[in-house]
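Okay, so here's the structure we're looking at.
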Amino acid sequence: MKISIVVPMYNEEGIIHAFYERMENTKQLFLSKCGINAHEIEVIFVNDGSKDNTVNLLKHLCEDLPGYVLLNLSRNHGHQIAITAGIDIALGDAIAVIDGDLQDPPETIVDLYVTMLKGYDVVYAVRKKRDGESFFKLFTASLFYRVLRKLTNVDIPVDTGDFRIMSRRVVNVLKSMKERHRFIRGMISWIGFNQIGMEYERNERHSGETKYTLTKMIKFAVDGITSFSSIPLKLSSYIGIITAFLGFLYSLYIIILKLFMPDAHIELGWASLIICILLLGGTQLLALGMIGEYLGRIHDETKYRPLYVIEDIYRKELNE
Ligand code: UDP
Ligand code: MG
């Protein structure tokens with residue numbers, strides 16, 4: 001197998017037919033541009049516990065047509081885990097990951113592959129422009145990538161999703177990284193080798209709505225930061241050092257006033273007290289919360305459960 005293409009699918013019934021057609025286009029392009037035959041390309045759909053008709057549509061497609069595989073997970077495990085499951089069963093020398101909603105044009109995979117042949121291990125697609133996404137999504141995404149960059153010492157590219165192609169040796173390392181809270185684009189940057197970005201235009205969703213709700217986005221962002229940085233933990237000790245130092249100076253001042261200047265008026269009253277209590281209380285809870293985020297992740301890791309559960313796999317039996 002030369003090329004595997006991993007496609008996570010969660011409630012995408014309205015897209016599957018169009019996606020299949022675009023995939024056939026892509027296979028044609030692979031033949032004309034790189035001389036790679038359709039039977040050397042496998043498309044792995046990962047059904048991530050869809051609640052609509054996605055699984056039946058994919059089942060029919062994969063049972064009827066060679067070169068299409070359906071990996072059916074037992075429930076919704078999340079986008080990053082779905083990708084992981086697909087990559088785990090991929091057989092190709094080069095493995096591409098693409099969203100199933102046609103926001104990332106499948107034909108671009110051919111260009112990614114051609115670039116890879118120039119001697120790269122990872123070619124990731126950088127979003128040059130994004131159609132049909134809300135200002136809020138664009139703003140939060142751009143802010144997140146930039147904050148993440150500041151917080152980590154791994155060089156994670158800006159404005160880049162999971163749309164990319166990787167060599168077998170990168171995938172082998174990735175498969176050995178068993179962490180539960182996965183931020184795959186960062187993990188791949190961490191692996192190293194020769195990586196390069198390639199610009200492309202991100203389109204509007206073909207149909208349906210984004211499956212990344214605000215809560216999923218926040219969870220994903222926190223996963224990204226906690227897996228690649230312990231700066232939030234250190235932040236609380238820095239804040240602690242500063243407040244303790246200021247507190248010490250101020251206490252000294254009050255003691256001196258009280259001892260040597262009995263006439264001085266130091267009853268500052270309710271306002272200053274309540275401000276101190278609220279500010280310090282808030283900071284303390286925030287610091288505790290940060291510790292909690294890391295602790296919870298350690299807890300999850302120590303359970304050592306499998307990352308996902310496979311319900312079944314469908315593919316056309318060629319020797320029938
Ligand atoms: N997806 C998934 N599991 C989830 C959420 C999303 O497999 O829990 C898939 C979804 O079907 C799509 C891809 O991940 O193919 C990206 O999701 P989406 O387009 O909703 O994210 P966005 O592009 O809005 O960031
Ligand atoms: Mg999308």
Side-chain angles (χ1 to χ4, degrees), residues 1-9 12 14-46 57-58 60-71 82-83 86-87 89-132 157 159-171 184-185 188 194-208 315-316 318:
M1 195 65 69
K2 287 227 164 94
I3 292 166
S4 302
I5 299 171
V6 173
V7 197
M9 289 279 192
E12 306 283 16
I15 290 172
I16 290 162
H17 187 69
F19 189 89
Y20 160 74
E21 284 180 346
R22 297 282 296 273
M23 212 60 242
E24 287 297 305
N25 269 349
T26 309
K27 289 185 177 179
Q28 291 279 315
L29 280 176
F30 262 119
L31 184 61
S32 59
K33 282 194 178 171
C34 319
I36 293 179
N37 269 310
H39 69 260
E40 293 172 302
I41 302 173
E42 62 171 354
V43 179
I44 301 172
F45 293 111
V46 184
L57 293 173
L58 287 176
H60 285 132
L61 199 159
C62 296
E63 279 176 343
D64 289 349
L65 299 162
Y68 290 87
V69 182
L70 167 61
L71 178 64
I83 293 177
I87 290 176
I89 66 158
L91 302 170
D93 300 327
I95 294 95
V97 174
I98 184 171
D99 282 355
D101 58 0
L102 292 178
Q103 276 191 294
D104 308 328
E107 294 80 11
T108 308
I109 299 176
V110 184
D111 303 328
L112 294 177
Y113 182 72
V114 170
T115 312
M116 186 166 140
L117 290 182
K118 293 180 186 153
Y120 295 99
D121 280 279
V122 177
V123 185
Y124 51 84
V126 182
R127 298 159 183 171
K128 193 163 65 184
K129 97 180 201 300
R130 297 170 84 166
D131 278 342
D159 300 330
T160 304
D162 291 311
F163 184 27
R164 58 187 63 214
I165 196 162
M166 302 165 267
S167 67
R168 176 45 61 187
R169 65 173 178 175
V170 165
V171 164
I184 292 177
R185 53 202 78 166
I188 294 173
N194 242 347
Q195 309 206 359
I196 194 172
M198 204 191 86
E199 286 198 331
Y200 79 113
E201 293 189 0
R202 194 157 209 240
N203 300 320
E204 220 165 307
R205 216 170 207 288
H206 180 268
S207 76
R315 52 156 61 94
K316 186 178 166 71
L318 285 176

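Heavy atoms only: backbone and side chains are in, while hydrogens, waters and symmetry mates are out. Since this is a predicted model, take the numbers as computed values, not measurements.
- A distance of 9.5 Å separates CD1 in Ile15 from CG in Asp99, rounded to the nearest 0.5 Å.
- Considering only residues two or more places apart in sequence or on other chains, Ile16 meets the side-chain contact (heavy atoms from CB on, under 4.5 Å) condition with Met9, Thr54, Leu57, Leu58, Leu61.
- Using a distance-only test at 3.5 Å, with no hydrogens or angles considered, a donor-acceptor pair links the side chain of Asp101 to the main chain of Gln103.
- Taking the six-membered ring where the residue is Trp, Tyr200 and Phe163 present perpendicular rings, their angle passing 60° and hence far from 30°.
- Here Arg315 pairs with nothing under the side-chain hydrogen bond (donor to acceptor under 3.5 Å, both in side chains) rule; sequence neighbours left out.
- Residues Val6 and Ile95 form a side-chain contact, since some pair of their non-hydrogen atoms from C-beta on lies under 4.5 Å apart.
- A pairwise comparison of heavy atoms in Leu112 and Ala125 identifies CD2-CB, 4.3 Å as the closest pair.
- The CD atom of Glu40 sits 4.0 Å away from the NZ atom of Lys2 when rounded to the nearest 0.5 Å.
- Rounded to the nearest 0.5 angstrom, Ile165 CD1 and Ile109 CD1 are separated by 7.0 Å.
- To the nearest 0.5 angstrom, Asp162 atom CG is 9.5 Å from Asp104 atom CG.
- In terms of the ring pair (Phe, Tyr, Trp, His ring centres under 6.0 Å) criterion, Tyr124 has no residue partners (sequence neighbours excluded).
- With sequence neighbours left out, Ser167 forms a side-chain hydrogen bond (donor to acceptor under 3.5 Å, both in side chains) with Asp121.
- A 4.5 Å side-chain heavy-atom check between Val110 and Thr108 finds every atom pair outside the cut-off.
- For the pair Thr115/Ile196, a side-chain contact is recorded, criterion being any heavy-atom separation below 4.5 Å from C-beta on.
- Scored by the side-chain hydrogen bond (donor to acceptor under 3.5 Å, both in side chains) test, Gln195 finds no partners at all (sequence neighbours excluded).
- Here salt bridge (Lys or Arg N to Asp or Glu O under 4.0 Å) pairs that include residues 107-117, with residues two or more places apart or in two chains, are Arg22-Glu107, Lys33-Asp111.
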Worked verdict on Val46 versus Ile83 for side chain to side chain contact (heavy atoms under 4.5 Å, CB included): CA-CA 7 Å; Val46 184; Ile83 293 177; over 6 Å; no

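- Take Leu31 and apply the side-chain contact (heavy atoms from CB on, under 4.5 Å) test, not counting sequence neighbours, and it matches Asn37.
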Ile98/Met23 under side chain to side chain contact (heavy atoms under 4.5 Å, CB included): CA gap, chis, key distance, verdict: CA-CA 11 Å; Ile98 184 171; Met23 212 60 242; 5.8 Å; no

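- With sequence neighbours left out, the side-chain contact (heavy atoms from CB on, under 4.5 Å) criterion links Ala18 to Leu102, His206.
- Within the 3.5 Å criterion, the main-chain N or O of Met166 finds no donor-acceptor partner in the side chain of Arg169.
- Between Ile5 and Ile41 there is a side-chain heavy-atom pair separated by less than 4.5 Å.
- The ring pair (Phe, Tyr, Trp, His ring centres under 6.0 Å) test applied to Phe30 returns Tyr113, not counting sequence neighbours.
- Nearest heavy-atom pair across Gly86 and Ile44 is O-CD1, 3.8 Å.
- Proximity of Asn25 to Pro106: side-chain heavy atoms (C-beta onward) are nowhere separated by under 4.5 Å.
- Taking the salt bridge (Lys or Arg N to Asp or Glu O under 4.0 Å) definition, one finds that Glu42 meets it with nothing, sequence neighbours left out.
- You'll find the side chain of Arg164 reaches within 4.5 Å of the side chain of Val122, heavy atoms only.
- To the nearest 0.5 angstrom, Lys316 atom NZ is 10.0 Å from Glu63 atom CD.
- With contacts defined as side-chain heavy-atom distances shorter than 4.5 Å, the pair Lys27/Val43 qualifies.
- With sequence neighbours excluded, the residues satisfying side-chain hydrogen bond (donor to acceptor under 3.5 Å, both in side chains) with His17 are Glu21.
- No donor-acceptor pair closer than 3.5 Å links the side chain of Ser4 to the backbone N or O of Ala90.
- Using a 4.0 Å cut-off between charged nitrogen and carboxylate oxygen, Arg127 and Asp159 do not count as a salt-bridge pair.
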